[in-house]
Participant: 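The structure under discussion is supplied below as structure tokens; questions concerning it will follow.
Every chain is numbered from 1 and lettered A, B, ... according to where its sequence line falls, protein lines coming before strand lines. This one's a predicted model, so the numbers in the text were calculated from it and none came from an experiment.
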Amino acid sequence: MDKAYSPQEIETRWYDTWEKNGNFVPSGKGDPYCIMIPPPNVTGTLHMGHAFQDTIMDALTRYHRMLGMNTLWQPGTDHAGIATQMVVERQLNAQGLSRQDLGREAFVDKVWEWKEESGDTISRQLRRMGSSVDWKRERFTMDAGLSAAVQEVFIRLFKEGLIYRGKRLVNWDPVLHTALSDLEVLSQEEDGHLWHLRYPIEGSDQTLTVATTRPETMLGDTAVAVHPADERYLHLVGKQVRLPLCDRLIPIVADDYVDPEFGSGCVKITPAHDVNDYEIGKRHDLEIINILTDDAAINDAAPAAYRGMDRFDARKKVVEDLDQLGLLERVDEHKLMVPRGDRSGSVVEPYLTDQWYVKVEPLAKEAIAAVETGKIRFVPENWSKTYYDWMHNIQDWCISRQLWWGHRIPAWYDEQGNIYVGSSEESIRAEHKLGGDISLRQDEDVLDTWFSSALWPFSTLGWPEQTDALKTWYPTSVLVTGFDIIFFWVARMIMMGLKFMGDVPFREVYIHGLIRDQDGQKMSKSKGNVLDPLDLIDGIDLDSLVAKRAAGLMQPHMAPKIEKATRRQFPDGIPAYGTDALRFTFAALATTGRDIRFDMGRIEGYRNFCNKLWNAARYVLMNTEDYDCGAQGKIELSLPDRWIRARLGQTIEEARKGFAGYRLDLAAQSIYEFTWHQFCDWYLELSKPILQSESTTDALRRGTRQTLIQVLEASLRLMHPIMPFITEEIWQRVAPLAGKTGASVMLQDYPCSEDFPDDADARAHMEWVMQFVLGIRQVRGEMDIPPNRQLPLLLQDASELDRQLWDSHGAYLQSLARLESVDFLEDDAEAPASATALLGNMKLLVPMAGLIDVAAERARLEKQVQRSEADLDKCERKLSDKRFVSNAPAEVVEKERQRTEMLRQELRHLAERLEKLAGISG
RNA sequence: AGGCGCGUAGCUCAGUGGUAGAGCACUACCUUGACAUGGUAGGGGUCGCCAGUUCAAUCCUGGCCGCGCCUACCA
């Protein structure tokens with residue numbers, strides 16, 4: 001093995017081998033386990049959120065595969081309607097073309113081209129992350145099978161009356177010219193104004209004052225509303241006002257909706273351009289006057305003066321004109337929530353159009369019950385509350401989009417406007433016996449992207465065909481996703497799954513946090529703080545990183561600022577950390593909290609961990625290859641052998657518990673702690689004297705060699721789900737020595753704690769050994785005695801057990817603590833001036849002659865006295881409290897007593913040593 | 001407005017009704033035959049604040065402060 005760990009070389013090699021060997025394909029044996037990848041945008045690229053999510057899914061997949069389950073991780077991509085169409089449109093715009101110039105068919109062809117061109121970026125990146133998905137089953141939401149599923153679902157829902165076409169207010173994006181679902185609209189608080197307008201009361205010289213944040217909509221007002229109990233206005237209800245600028249008479253109505261406390265207590269009602277007003281309009285049978293075009297310009301329903309003006313220009317003009325007429329009472333500064341399209345960023349207008357809707361309430365009912373009855377479990381549990389809140393208030397889902405890229409709605413109209421829904425024009429003609437004389441035209445719209453995503457858990461498995469895959473893996477095991485798409489996706493999959501499969505689409509939903517930058521900022525292109533997971537894996541030099549972050553900014557003036565921040569944070573660019581280090585970092589950060597700050601310090605630490613593992617393996621191989629590891633002769637296990645095996649068993653338990661409870665962070669932590677601080681720091685060091693000393697028996701040597709190789713081999717399996725590449729690379733060398741055969745570690749069994757049972761004696765005795773060594777090291781460290789300086793050591797007040805332990809384990813202790821000589825002193829013998837460490841009652845005395853600074857030793861002991869006294873004080877206070885003694889459990893009290901005794905003894909010893917020192921210096 | 005989450009070492013985060021932890025950063029010493037991407041030792045925290053429950057609270061309860069997020073039709 002090379003001296004240094006170099007991830008690139010390893011990682012590129014193994015993935016191809018795995019894929020070629022079909023290692024990602026479900027085994028066909030064991031209980032089914034299945035994860036559906038949340039399909040990324042087909043033309044997108046992998047960002048940190050994906051990389052994080054993919055790490056979790058791959059770790060779970062590999063873990064369950066190693067448990068012997070019939071494991072499928074289903075890959076695929078989403079056509080991402082609006083997003084993809086926008087990208088291609090922008091490309092066209094750059095050539096001075098619009099999609100209308102091309103026409104629908106040519107444009108859609110163009111999008112397919114773009115999809116082919118860029119569509120495998122994501123899969124390449126997934127491969128680089130080590131994702132063990134079954135590529136043979138890769139699906140795309142617009143491929144033939146999934147499109148058929150979409151059509152089938154649409155038709156069935158329509159026939160059941162759960163899909164209908166309706167004219168109502170939708171969220172209209174005037175830039176994209178399409179309707180949006182409520183979820184695709186993001187409301188943000190923005191600074192605006194509240195205009196107070198006066199409307200003259202007909203038959204009176206009085207006016208009514210109404211307040212509005214969108215004065216231009218007054219052109220479409222068809223009433224003014226007041227609260228029915230508002231005495232100020234009660235006498236006016238039933239009368240009319242003369243709408244300024246339009247010169248129309250509109251009624252004054254009373255409606256509970258009005259809050260008499262707000263503004264003037266009078267509300268102008270524009271049923272065509274406000275959802276509340278729309279409802280009021282329905283209640284009072286008001287006229288609905290739409291004053292906007294598709295572009296949100298003023299249309300011909302408005303007075304001529306405003307026609308053709310953009311809505312914001314019209315706003316200015318309306319206000320000016322009202323002011324001129326003396327009808328503008330005042331203008332207040334006002335913060336308001338402005339709804340914007342999540343893709344275009346333009347202000348969305350409530351707009352009256354014909355759209356297709358899914359009637360969700362009946363579907364939602366079942367979906368709520370599925371979570372309430374525990375058929376689906378959210379992890380962490382509290383997300384179910386978010387889910388309920390939304391599901392209980394769910395509105396019908398607008399599924400039609402005025403786009404070209406997507407699943408065309410399978411509905412046809414005849415000239416009378418009758419609607420026919422079916423899989424094709426032919427089938428409709430046949431079904432409804434429509435002759436050739438009747439012309440049909442298909443609905444121009446496509447379906448919301450999330451409509452097809454909602455079918456993902458069964459459409460990818462072949463539905464509506466009753467395939468084996470469907471029978472095997474539906475319901476899937478777990479959905480791994482971010483909280484941001486609980487409503488968009490999770491809830492809708494649950495509804496559709498229950499409806500069409502008669503069962504939940506997944507048994508658990510693991511909701512993970514969002515990856516943020518080191519300052520807690522959301523990573524975004526415009527902030528220039530994006531990290532590309534591949535740059536963390538393969539590294540990137542500073543100039544390339546700066547160029548990447550500054551490229552294609554919406555606001556180019558931010559570039560210098562971004563460059564400066566980037567140069568400050570990464571003065572040397574980003575080194576290549578490798579996939580395993582990145583994955584381990586994600587695993588370690590995968591805590592239950594909501595967001596995750598990505599800390600470069602962590603990935604560096606875990607890269608070092610990989611290097612540590614690499615070198616530990618080198619050491620193990622160096623000492624096992626070409627040696628007898630127990631195959632030929634008798635073996636005997638030393639104390640460290642027994643101890644490390646027991647510790648491994650514990651670690652296996654912890655890792656399994658971590659995976660089972662979606663606590664990859666705890667699994668990673670246990671693995672890290674074990675590998676570095678038990679296996680490397682202690683066990684490998686202890687193995688050296690055993691293997692090197694001439695006095696060890698061959699049986700012991702064989703025992704240690706066998707333990708080295710077996711523990712390493714099992715550890716590799718233990719961490720493989722998180723770090724697939726490095727473990728595979730090492731395992732290939734290690735496995736044969738451990739008596740394991742197999743083509744890949746990924747197809748091995750996950751380690752069992754039964755193979756490494758607990759050994760309480762070994763743990764207790766090792767504790768003694770470790771405390772012994774730590775005591776000496778502490779003296780050495782605090783006295784600044786160089787590590788290579790061999791120390792003489794005297795032992796006093798040793799118990800029978802101490803002597804026994806020394807006899808058995810002294811040899812490697814001597815080496816580990818770097819002792820030159822060790823001698824027992826009689827309990828009553830006069831010890832020379834020494835630095836002292838305590839091990840229970842036994843004193844470890846390092847004679848001071850020429851070694852130790854008396855003042856330093858005194859300072860060291862005094863520090864210990866201080867600590868122990870503080871502890872003792874706490875203990876004594878507790879024990880002297882009668883309530884504690886009588887109320888606390890007996891074992892807690894007893895423990896406290898023992899601790900007190902121990903501390904007292906320690907303090908006596910320390911005092912003794914200090915006295916001795918006083919004798920010397922005095 | 002409602003809901004949720006967070007506040008623990010300088011930073012990023014675990015954790016527990018009974019002795020507060022890790023990584024990074026910091027200090028000192030050390031290139032010892034796996035590893036300087038390393039080793040050894042060390043410093044550093046009234047666990048956001050205030051009450052309550054308890055023999056005992058960083059942990060449970062309530063309130064407050066600060067931060068973040070989600071949902072919502074106040075013109």
Participant: Let me know the distance between CG of Asp484(A) and C1' of C4(B), rounded to the nearest Å.
Facilitator: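 Taking atom C1' of C4(B) as the reference, CG of Asp484(A) is at 15 Å.
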Participant: At under 4.0 Å between heavy atoms, which parts of nucleotides 68-75 of chain B does protein reach? Answer with one letter per nucleotide, 5' to 3': B base, S sugar-phosphate only, - none.
Facilitator: BB-SBBBB
Participant: When you compare U37(B) with G23(B), how far apart are their C1' atoms, in angstrom units rounded to a whole number?
Facilitator: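 Straight-line distance between the two C1' atoms is 14 Å.
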Participant: Taking the same atom, C1', in C24(B) and in U31(B), what whole-Å distance lies between them?
Facilitator: 23 Å
Participant: Distance check, C1' atoms only: A56(B) and G39(B), in whole angstrom units.
Facilitator: 41 Å
Participant: Using whole Å, report how far CD1 of Ile776(A) lies from P of G39(B).
Facilitator: 21 Å
Participant: Under the rule for ring pair (Phe, Tyr, Trp, His ring centres under 6.0 Å), what residues qualify as partners of Tyr672(A), not counting sequence neighbours?
Facilitator: Tyr606(A), Phe609(A), Trp676(A)
Participant: Under a 4.0 Å threshold between the charged nitrogen and the carboxylate oxygen, would Glu906(A) count as salt-bridged to Arg867(A)?
Facilitator: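 Result for this pair is no, no salt bridge flagged.
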Participant: Looking only at atom C1', what distance separates A51(B) and G42(B), rounded to whole Å?
Facilitator: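 Rounded to whole Å, the distance is 39 Å.
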Participant: Do Asn615(A) and Tyr5(A) pair up side chain to side chain, a donor and an acceptor below 3.5 Å, judged on atom types alone?
Facilitator: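 Looking only at side-chain atoms, Tyr5(A) and Asn615(A) do not form any donor-acceptor pair under 3.5 Å.
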Participant: Looking at Arg340(A) and Glu190(A), does any basic side-chain N land under 4.0 Å from a carboxylate oxygen?
Facilitator: yes
Participant: Whole angstrom is fine here: how far is it from NZ in Lys612(A) over to C1' in A36(B)?
Facilitator: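 Spelled out: NZ on Lys612(A) to C1' on A36(B) is 10 Å.
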Participant: List for me each residue that meets ring pair (Phe, Tyr, Trp, His ring centres under 6.0 Å) alongside His193(A), sequence neighbours excluded, and say none if there are none.
Facilitator: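 With neighbours one apart ignored, the set is Trp195(A).
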Participant: Look at Arg330(A) together with Asp332(A) and state whether they make a salt bridge at an N to O cut-off of under 4.0 Å.
Facilitator: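 Here Arg330(A) pairs with Asp332(A) in a salt bridge, since their nearest N and O are under 4.0 Å apart.
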Participant: Under the ring pair (Phe, Tyr, Trp, His ring centres under 6.0 Å) test, which residues partner Phe772(A), sequence neighbours left out?
Facilitator: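 Phe772(A): ring pair (Phe, Tyr, Trp, His ring centres under 6.0 Å) contacts with Trp768(A), Trp806(A).
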Participant: Pairing of RNA chain B as dot-bracket, 5' to 3': ( ) intra-strand, [ ] crossing, | other strand, . unpaired, with Watson-Crick or G-U pairs under 3.5 Å?
Facilitator: (((((((..((((....[..)))).(((((.......))))).....(((((..]....))))))))))))....
Participant: I need the CZ-P distance between Arg618(A) and G38(B), as an integer number of Å.
Facilitator: 14 Å
Participant: Taking salt bridge (charged side-chain N to carboxylate O under 4.0 Å, His left out) as the definition, give me every residue that meets it alongside Arg663(A), ordered by chain and number, with sequence neighbours left out.
Facilitator: Asp665(A)
Participant: Taking G48(B) as the reference, what is the distance to C65(B) when you measure between their C1' atoms (whole Å, please)?
Facilitator: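 8 Å, rounded to whole Å.
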Participant: Looking at the side chain of Pro889(A), which of A34(B), C55(B), A14(B) is the nearest nucleotide?
Facilitator: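 Nearest to the side chain of Pro889(A) among the choices is C55(B).
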Participant: Run Met1(A) and Ile730(A) through side-chain contact (heavy atoms from CB on, under 4.5 Å) and show every step you take.
Facilitator: CA-CA 9 Å; Met1(A) 284 171 76; Ile730(A) 300 172; 4.1 Å; yes
Participant: Can you list everything that forms a side-chain contact (heavy atoms from CB on, under 4.5 Å) with Gln692(A)? Sequence neighbours excluded, please.
Facilitator: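 Result, side-chain contact (heavy atoms from CB on, under 4.5 Å) vs Gln692(A): Lys688(A).
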Participant: Would you call the rings of Phe679(A) and Phe674(A) parallel, tilted or perpendicular, taking 30° and 60° as the class edges?
Facilitator: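 Plane angle under 30°, so parallel.
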Participant: Nucleotides 20-31 of chain B: which of its N/O atoms have a protein N/O under 3.5 Å away?
Facilitator:
{"from": "G23(B)", "atom 1": "OP1", "to": "His677(A)", "atom 2": "NE2", "distance (Å)": "3.4"}

Participant: Nearest to the Phe884(A) side chain among G18(B), U37(B), U32(B), which nucleotide is it?
Facilitator: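 Of the candidates, G18(B) comes closest.
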Participant: U12(B) and G2(B): how far apart are their P atoms, nearest whole angstrom?
Facilitator: 31 Å
Participant: Which heavy atom of Ile269(A) sits nearest to which heavy atom of Pro271(A), and what is that distance?
Facilitator: O-CD, 3.5 Å
Participant: Are Tyr387(A) and Phe487(A) close enough that their ring centers fall under 6.0 Å?
Facilitator: no
Participant: Any carboxylate oxygen within less than 4.0 angstrom of a Lys/Arg side-chain nitrogen, looking at Lys335(A) and Asp191(A)?
Facilitator: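 Looking at Lys335(A) and Asp191(A), the cut-off is met.
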Participant: Base, sugar-phosphate, or nothing for Gln692(A), non-hydrogen atoms under 4.0 angstrom?
Facilitator: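 It contacts nothing in the nucleic acid.
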Participant: Sticking with atom P, work out how far U46(B) lies from G21(B), rounded to a whole angstrom.
Facilitator: 15 Å
Participant: Does any residue of residues 574-585 of chain A have a heavy atom under 4.0 Å from RNA chain B, and if so, which ones, in number order?
Facilitator: none
Participant: C13(B) phosphate, OP1 or OP2: any side-chain N/O from Arg663(A) under 4.0 angstrom?
Facilitator: no
Participant: Is the distance from OP1 or OP2 of A34(B) to the nearest side-chain N or O of Lys688(A) less than 4.0 Å?
Facilitator: yes
Participant: Looking at Glu625(A) and Arg733(A), is any side-chain nitrogen of the basic one under 4.0 Å from a carboxylate oxygen of the acidic one?
Facilitator: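 Here Arg733(A) pairs with Glu625(A) in a salt bridge, since their nearest N and O are under 4.0 Å apart.
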Participant: Does A14(B) have OP1 or OP2 under 4.0 Å away from a side-chain N or O of Thr591(A)?
Facilitator: yes
Participant: Glu685(A) has an atom CD; how far is it from atom C1' of C35(B), in whole Å?
Facilitator: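 Value for this atom pair: 10 Å.
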Participant: I want to know whether Trp383(A) and Phe378(A) have ring centres closer than 6.0 Å.
Facilitator: no
Participant: Measuring from the side chain of Lys385(A) (C-beta onward, heavy atoms only), which nucleotide among C4(B), A14(B), U37(B) has the closest atom?
Facilitator: C4(B)
Participant: Are any of Lys3(A)'s side-chain N or O atoms less than 4.0 Å away from OP1 or OP2 of C35(B)?
Facilitator: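 For C35(B), OP1/OP2 do have a side-chain N/O of Lys3(A) under 4.0 Å.
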Participant: Take atom C1' in A75(B) and the same atom in G3(B), then report the distance between them in whole Å.
Facilitator: 25 Å
Participant: By side-chain hydrogen bond (donor to acceptor under 3.5 Å, both in side chains), which residues pair with Glu381(A), not counting sequence neighbours?
Facilitator: Ser384(A)
Participant: What does Cys680(A) touch in the nucleic acid at a heavy-atom separation under 4.0 angstrom: a base, only the sugar-phosphate, or nothing?
Facilitator: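 Since a base atom lies under 4.0 Å of Cys680(A), the category is base.
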Participant: What is the distance from CG of Asn887(A) to P of C55(B), rounded to the nearest Å?
Facilitator: 5 Å
Participant: Check ring pair (Phe, Tyr, Trp, His ring centres under 6.0 Å) between Phe488(A) and all other residues, then give those that pass, not counting sequence neighbours.
Facilitator: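 Checked Phe488(A) against ring pair (Phe, Tyr, Trp, His ring centres under 6.0 Å); matches are Trp450(A).
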Participant: Give Leu666(A) one of three labels, base, sugar-phosphate or nothing, depending on what nucleic acid heavy atoms sit under 4.0 Å from its own.
Facilitator: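 Sugar-phosphate: the residue Leu666(A), judged by heavy atoms under 4.0 Å, touches backbone atoms but no base.
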Participant: Measure all distances between protein nitrogen or oxygen atoms and nitrogen or oxygen atoms of nucleotides 40-44 of chain B, and list the pairs falling under 3.5 Å.
Facilitator:
{"from": "G42(B)", "atom 1": "OP1", "to": "Gln778(A)", "atom 2": "NE2", "distance (Å)": "3.0"}
{"from": "G43(B)", "atom 1": "OP1", "to": "Arg867(A)", "atom 2": "NH2", "distance (Å)": "2.6"}

